[in-house]
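Heads up: the structure comes next, in structure tokens.
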Amino acid sequence: MAREAEPSRILIFGGTGYIGKHIARASVAFGHPTCIYARPAGPRTKPLNLNLRREFRSTGIRIIEGELDEHEKIVTALKQVDIVISALAYPQVPDQLKIIDAIVAAGNIKRFVPSDFGCEEDKITPLPPFEEFLEKKRKIRRATEAAGIPFTFVATNCLAAYFINVLLHPHNPHDEIVVYGDGEANAVLNYEEDVGKYTIKVANDPRACNRVVSYRPKPSIISQHQLISLWEEKTGRSFKRVYVPEEDLVKLSQTLPPPENIPVSILHSIFVKGDLMSYEIDDDDLEVSTMYPEMQLTTIDQLLNIFLTDPPEPARAAFG
Ligand SMILES: NC(=O)c1ccc[n+]([C@@H]2O[C@H](COP(=O)([O-])OP(=O)(O)OC[C@H]3O[C@@H](n4cnc5c(N)ncnc54)[C@H](OP(=O)(O)O)[C@@H]3O)[C@@H](O)[C@H]2O)c1
């Protein structure tokens with residue numbers, strides 16, 4: 001009973017990752033006893049990852065070192081927490097079946113948030129390479145449901161700094177900016193720090209139990225043309241817009257070898273078809289900004305200012 005009044009204890013897989021670090025930072029900032037389950041640090045661990053581990057320890061985040069196939073170790077870790085969030089890298093999405101098995105064995109987990117952090121995969125049908133990518137994530141959703149684990153599935157849409165790097169190349173500015181399709185489709189770009197905060201909030205929120213939560217705040221909705229115009233205003237420059245028509249993206253998705261056929265299919269889904277805004281959020285599902293109207297978001301305008309002064313790091317691999 002005593003635990004009910006205390007902040008939930010959160011375990012994060014992939015907490016040293018591109019989005020995982022923002023989730024871990026938000027978790028500890030909101031006062032949750034937080035640990036991450038990470039591979040043992042060794043000579044091949046990147047300096048960025050080692051720095052994060054130092055930062056995490058200094059803020060009270062506990063690091064449990066282990067591999068994903070160490071079932072007993074994971075079960076033991078799970079027994080000490082209430083909520084599990086996975087932000088594992090895309091290639092490790094199928095490995096989350098091991099986390100699901102361990103959650104079932106532990107028997108105490110009140111919420112599982114698997115590594116989605118993208119589009120609402122149950123509501124869209126993109127080109128085949130992206131469809132196959134999403135099918136792996138859908139399998140984890142279905143396995144979570146079948147195991148009877150309380151869940152929240154998050155459709156965070158585009159991670160904003162990640163996609164601004166892909167679209168505008170602010171680190172390496174050219175005179176030209178590529179526009180996919182006609183540039184008019186609305187996308188949704190949510191700043192990574194806000195995604196971290198929202199994810200901790202929904203993972204703890206009884207309203208989000210066994211629900212899909214879409215992250216679609218109005219200030220995050222923007223087309224490519226609007227984004228480029230805003231960047232032109234900020235930089236005082238004028239960029240030539242070079243169009244890649246839909247048929248070229250479709251052809252590339254059919255001719256490029258995997259996995260290079262995936263990014264073009266993602267660009268087609270988001271920026272040509274407008275998939276992120278193509279579905280209604282129905283009665284069963286939730287929209288995050290209406291759940292927490294008090295939360296101050298970083299707008300795209302503010303994020304572009306950050307790019308001008310202190311640019312966020314580009315992602316390790318595009319569409320990881
Ligand atoms: N919507 C978007 O715009 C967008 C953009 C990027 C990614 N995503 C999605 O966000 C999720 C997380 O992606 P990310 O880019 O943040 O991941 P990431 O940084 O590439 O990796 C996350 C963590 O996964 C762990 N990991 C990597 N390789 C592993 C392995 N072989 N075995 C075990 N663990 C391993 C690492 O943790 P340790 O080193 O601590 O073990 C790593 O820090 C994915 O579902 C991805 O599809 C969405």
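Values below: every heavy atom of this structure, side chains too, minus hydrogens, waters and symmetry copies.
The line from CH2 of W231 to OG of S238 is 14.0 Å long, rounded to the nearest 0.5 Å. Distance check: I23 CD1 to T156 OG1 gives 8.5 Å after rounding to the nearest 0.5 Å. Between atom CD of residue Q226 and atom CD1 of residue I221 there is a gap of 10.0 Å, rounded to the nearest 0.5 Å. Taking NZ from K110 and CG from D82, the interatomic distance works out to 4.0 Å, rounded to the nearest 0.5 Å. From Y37, atom OH reaches atom CD of E67 across 7.0 Å, with rounding to the nearest 0.5 Å. If you take OG on S86 and CD1 on I99, they are separated by 4.5 Å, rounding to the nearest 0.5 Å.
Each salt bridge (charged side-chain N to carboxylate O under 4.0 Å, His left out) pair with one or both residues in residues 154-168, not counting sequence neighbours, would appear here, but there are none.
With a 6.0 Å cutoff to the six-membered ring centre and a 45° limit on the axis angle, R207 counts as a cation-pi contact of Y292. With F30 as the aromatic partner, K197 does not meet the cation-pi criteria of under 6.0 angstrom to the ring centre and within 45 degrees of the ring axis. With a 6.0 Å cutoff to the six-membered ring centre and a 45° limit on the axis angle, R241 does not count as a cation-pi contact of Y180.
Grouping the Ile, Leu, Val, Met, Phe, Trp and Tyr side chains by contacts below 4.5 angstrom, directly or via other members, places V213 apart from F153. Criterion: ILVMFWY side-chain heavy atoms under 4.5 Å apart, direct or through other members. Under it, I109 and I10 are part of a common hydrophobic cluster. Hydrophobic clustering (side-chain heavy atoms under 4.5 Å, transitive across Ile, Leu, Val, Met, Phe, Trp, Tyr) groups L308 together with I306. Cluster membership for V166 and L127, using ILVMFWY side-chain heavy atoms within less than 4.5 angstrom, is not shared. Under the 4.5 Å side-chain heavy-atom criterion for Ile, Leu, Val, Met, Phe, Trp and Tyr, F151 and I12 are members of distinct hydrophobic clusters.
In this view, F117 satisfies the ring-ring contact (aromatic ring centres under 6.0 Å, His included) rule with no residue, not counting sequence neighbours.
Without hydrogens or angle criteria, R9 side chain to C35 main chain gives no donor-acceptor distance under 3.5 Å. Side-chain atoms of T34 come within 3.5 Å of backbone N or O of H32 as a donor-acceptor pair. Between the side chain of S269 and the backbone N or O of S265, no donor-acceptor pair lies under 3.5 Å. Side-chain atoms of T235 come within 3.5 Å of backbone N or O of R237 as a donor-acceptor pair. No donor-acceptor pair under 3.5 Å is formed between the side chain of S27 and the backbone N or O of A24. The backbone N or O of L286 lies less than 3.5 Å from no partner atom in the side chain of T290, so there is not a single donor-acceptor pair. A distance-only check finds no donor-acceptor pair linking the side chain of R111 to the backbone of I149 [under 3.5 Å]. When atom types are taken as modelled, the side chain of H225 and the backbone of D182 share a donor-acceptor pair closer than 3.5 angstrom. Side chain of E120 to backbone of A155: no donor-acceptor contact under 3.5 angstrom is found. When atom types are taken as modelled, the side chain of K137 and the backbone of D116 share a donor-acceptor pair closer than 3.5 angstrom.
Across V93, L68, I140, a single residue satisfies side-chain contact (heavy atoms from CB on, under 4.5 Å) together with L88, and that is L68.
Between L78 and A106, the shortest heavy-atom distance links the atoms CB-CB, 3.9 Å. Taking every heavy atom of both residues into account, F307 and P170 meet most closely at CD2-CG, 3.4 Å. Here the closest non-hydrogen pair linking K273 and P126 is NZ-CA, 4.0 Å. Across N261 and P129, no two heavy atoms sit closer than the pair O-CB, 3.5 Å. For the pair N108 and V81, the tightest heavy-atom approach, listed with the atom from each and the gap, is ND2-O, 2.9 Å. Nearest heavy-atom pair across A187 and L189 is CB-CD1, 4.0 Å.
Defined by atom type and a distance below 3.5 Å, a donor-acceptor pair is missing between the side-chain atoms of S223 and N186. A donor-acceptor contact closer than 3.5 angstrom is absent between the side chains of Y191 and T299.
Checked for salt-bridge contact, E65 and R53 meet the test: a charged N lies under 4.0 Å from a carboxylate O. Salt bridge absent: R25 and E192 never bring a charged side-chain N and a carboxylate O closer than 4.0 Å. In summary, D101 and K98 do not engage in a salt bridge, as defined by a charged side-chain N under 4.0 Å from a carboxylate O. A salt bridge between D301 and K234 is present, with a side-chain N of the basic residue lying under 4.0 Å from a carboxylate O of the acidic one.
Atom CD of E280 sits in a sparse spot, with 12 or fewer heavy atoms from other residues, nucleotides or ligands closer than 6.0 Å. Residue E135 qualifies as enclosed at atom CD: its count of foreign heavy atoms under 6.0 Å is above 12.
Through side-chain heavy atoms spaced under 4.5 Å, either directly or across other Ile, Leu, Val, Met, Phe, Trp or Tyr residues, V75 is tied to no other residue.
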(message) Would R142 and D122 count as a salt bridge (Lys or Arg N to Asp or Glu O under 4.0 Å) here? Give the steps.
(response) CA-CA 10 Å; R142 301 297 84 84; D122 285 326; 2.9 Å; yes
